[in-house]
Novice: 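This is the structure, below, for whatever I ask next.
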Number of protein chains: 2
Amino acid sequence: MNSFTEENYLKAIFKLLEKGEKAVSTTALSARMTTKAATVTDMIKRLAEKKLINYEKYQGVTLTEKGKAIAISIIRKHRLWEVFLVEKLHFKWDEVHEMAEQLEHVKSEELVNRIDAFLNFPKFDPHGDPIPDAKGVFNRKKSVLLAEINTGQNCIMTGVVDHSVNFLQYLDKVGLSIGKEIKLIEVVGFDKSIQVQLNGKEKVFLSHEVAKNLLVNKQ
Amino acid sequence: MNSFTEENYLKAIFKLLEKGEKAVSTTALSARMTTKAATVTDMIKRLAEKKLINYEKYQGVTLTEKGKAIAISIIRKHRLWEVFLVEKLHFKWDEVHEMAEQLEHVKSEELVNRIDAFLNFPKFDPHGDPIPDAKGVFNRKKSVLLAEINTGQNCIMTGVVDHSVNFLQYLDKVGLSIGKEIKLIEVVGFDKSIQVQLNGKEKVFLSHEVAKNLLVNKQ
DNA sequence: ACAAATATTTAGATTAGTCTAAATATTTAG
DNA sequence: CTAAATATTTAGACTAATCTAAATATTTGT
């Protein structure tokens, strides 16, 4: 079994690799982990020993398949717990990170899969980040706020920022729900309200306030 | 902050003290923690240093108020998580211990209190053990052994003494579970086995050994 | 009561994860 | 292209939690 620290290093390496570099430097990792470079060198030697990362002196590291699978499973647990904390325990989306950092290390595949089912297999966490499935497969695109996309862009609604009953009821009324296709027709400069087309059919107007609270995935 | 290990020692000391002794010996603790006596001596020195336990060489240990409060908070978390796992994720009551052992160390008072509310403030865990409230007060309504009640008495099952997988699986099979109504029909003098009626319906025979391991609240 | 048995502590070692300081390798700028 | 700047690794040390072996204290049985 791997320690919390090892799991955290693997997660950090995964996230840094996701940014595009082909290998992660000791310095980048030490910044991410808020430890010293010497500490990172020690740790990556141990992870390489365990065949969780590929490491050559002075050349940075990459994940092996085994290491990558562990990193993804930690990310899956982190994001599912975040959904649980927000949806079921009504925490705000910006309060859950620290708790999820601890919960992600609870060791039980069965537990995380049951949480997944309990939450009805969510695809995105409350921050709009995609949740890998039980096989480690996930949609790599992060969701963005509807208020931040360009005219003409086609999207799929993936979540909300504001979880208030009022807001959810409003969405229901205008016909917006998770999975709905949304195309941005135009932005009105005056108040930044927008006109969108739903499922290639009805067009509706949404205030900037509403657009700031809707998460979408660009298509 | 205290480490997982420190929290586990405090919990173990609390449980051993509950058994009635006025101090916990190094040997008792080493058996409970499955570590060596020498390891326990090191650890209790550290806990005494932190003023979480009272310790005098060769005299065993007791908990300070501070240590007791921590132990109770760990027990509260453990039992609430067990209720969550059984009630919400539909685990069987004999599958949840290991997961709860990990979850009990997640640090957030707010989290455990919200879980408590989410579960509607349960008073007993799935094994029938009482759950301390947010102030550390146990519901002291002490359940009694089924073996100790009188013929004709109506009870509600609240827990078990023996937590072995074997015993819990046996109970499952005969249809006994927390909350079940049990009426004592008769005691057979020969071997002290008993006949009980469940929920005013089916009657079943239980050995004295089983009756000695079932906790009930008289109605 | 006192020797044998048992319990407890001390001493010295190990591993994971961290640090600082020094050594070495790589990258970059003139 | 080489010297300076930067990045990385090595060496040596520290703490928490554990161990074994040895020393010491307490308890028990005749």
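Each chain gets a letter, A, B and so on, in the order the sequences are listed, and its residues count up from 1.
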Novice: A/E56 CD to D/dT9 P: how many Å, rounded?
Specialist: 11 Å
Novice: Anything under 3.5 Å between a protein N or O and an N or O of nucleotides 23-28 of chain D, put it in a table, one pair a line.
Specialist:
| unit_1 | atom_1 | unit_2 | atom_2 | d |
| --- | --- | --- | --- | --- |
| D/dA25 | O4' | B/Y58 | OH | 3.3 |

Novice: Base, sugar-phosphate, or nothing for A/Y9, non-hydrogen atoms under 4.0 angstrom?
Specialist: sugar-phosphate
Novice: Can you see whether A/N113 engages A/R76 through a side-chain donor-acceptor pair at a distance of less than 3.5 angstrom?
Specialist: yes
Novice: For B/T41 and C/dT9, is the shortest distance between a side-chain N/O and OP1 or OP2 below 4.0 Å?
Specialist: yes
Novice: Could you state the atom-to-atom distance from CD of A/E49 to C1' of C/dA16 in whole Å?
Specialist: 14 Å
Novice: Would a 4.5 Å heavy-atom cut-off, applied to side chains only, mark A/L145 and A/L215 as touching?
Specialist: yes
Novice: Output yes when at least one side-chain N/O atom of A/T39 is less than 4.0 Å from OP1 or OP2 of C/dC19, else no.
Specialist: yes
Novice: Calculate the interatomic distance between A/M1 atom CE and C/dT15 atom C1'; express it in whole Å.
Specialist: 18 Å
Novice: In dot-bracket form, 5' to 3', how is DNA chain C paired? Count Watson-Crick and G-U wobble pairs only if both distances fall under 3.5 Å, and write | where the partner sits on another strand.
Specialist: ||||||||||||||||||||||||||||||
Novice: Heavy atoms only, 4.0 Å cut-off, all strands: where does A/F4 land among base, sugar-phosphate and nothing?
Specialist: nothing
Novice: Would you say A/H105 and A/N8 are linked by a side-chain donor-acceptor pair, where the criterion is simply a distance under 3.5 Å?
Specialist: yes
Novice: Give the rounded distance in Å between these two atoms: CE of A/M33 and P of D/dT8.
Specialist: 16 Å
Novice: Would you say a side-chain N or O of A/T35 is under 4.0 Å from OP1 or OP2 of C/dG17?
Specialist: no
Novice: When the distance from CG of A/L47 to P of C/dT15 is rounded to whole Å, what number comes out?
Specialist: 18 Å
Novice: With the threshold set at 4.0 Å, does a side-chain nitrogen-carboxylate oxygen contact exist between A/E110 and A/R114?
Specialist: yes
Novice: Expressed in angstrom and rounded to an integer, what is the separation of B/M43 atom CE from D/dT15 atom C1'?
Specialist: 12 Å
Novice: To the nearest Å, how far apart are B/L29 CG and D/dT18 P?
Specialist: 11 Å
Novice: Is the positively charged end of B/K88 above the ring of B/F118, judged by distance under 6.0 angstrom from the centroid and angle within 45° of the axis?
Specialist: yes
Novice: Regarding A/K107 and A/E7, does a basic nitrogen lie under 4.0 Å from an acidic carboxylate oxygen?
Specialist: yes
Novice: Rounded to whole angstroms, how far apart are CG on A/D42 and C1' on C/dT20?
Specialist: 12 Å
Novice: Between B/E6 (side chain) and B/S3 (backbone), is there a donor-acceptor pair under 3.5 Å?
Specialist: yes
Novice: Taking C-beta and beyond as the side chain, do A/L29 and A/I44 meet within less than 4.5 Å on heavy atoms?
Specialist: yes
Novice: So if I take every side-chain heavy atom of A/I44 and compare against D/dT20, D/dT9, D/dT18, which nucleotide ends up nearest?
Specialist: D/dT9
Novice: Does the pair B/R79/B/E82 count as a salt bridge with the N-to-O cut at 4.0 Å?
Specialist: no
Novice: Using a distance-only test with no angle check, is there a side-chain donor-acceptor pair under 3.5 angstrom linking A/N217 and A/K123?
Specialist: no
Novice: Kindly say if B/K45 contacts the phosphate of C/dT10, meaning a side-chain N or O under 4.0 Å from OP1 or OP2.
Specialist: yes
Novice: Which listed nucleotide (C/dG17, C/dC19, D/dT8) is nearest to the side chain of A/K36?
Specialist: C/dC19
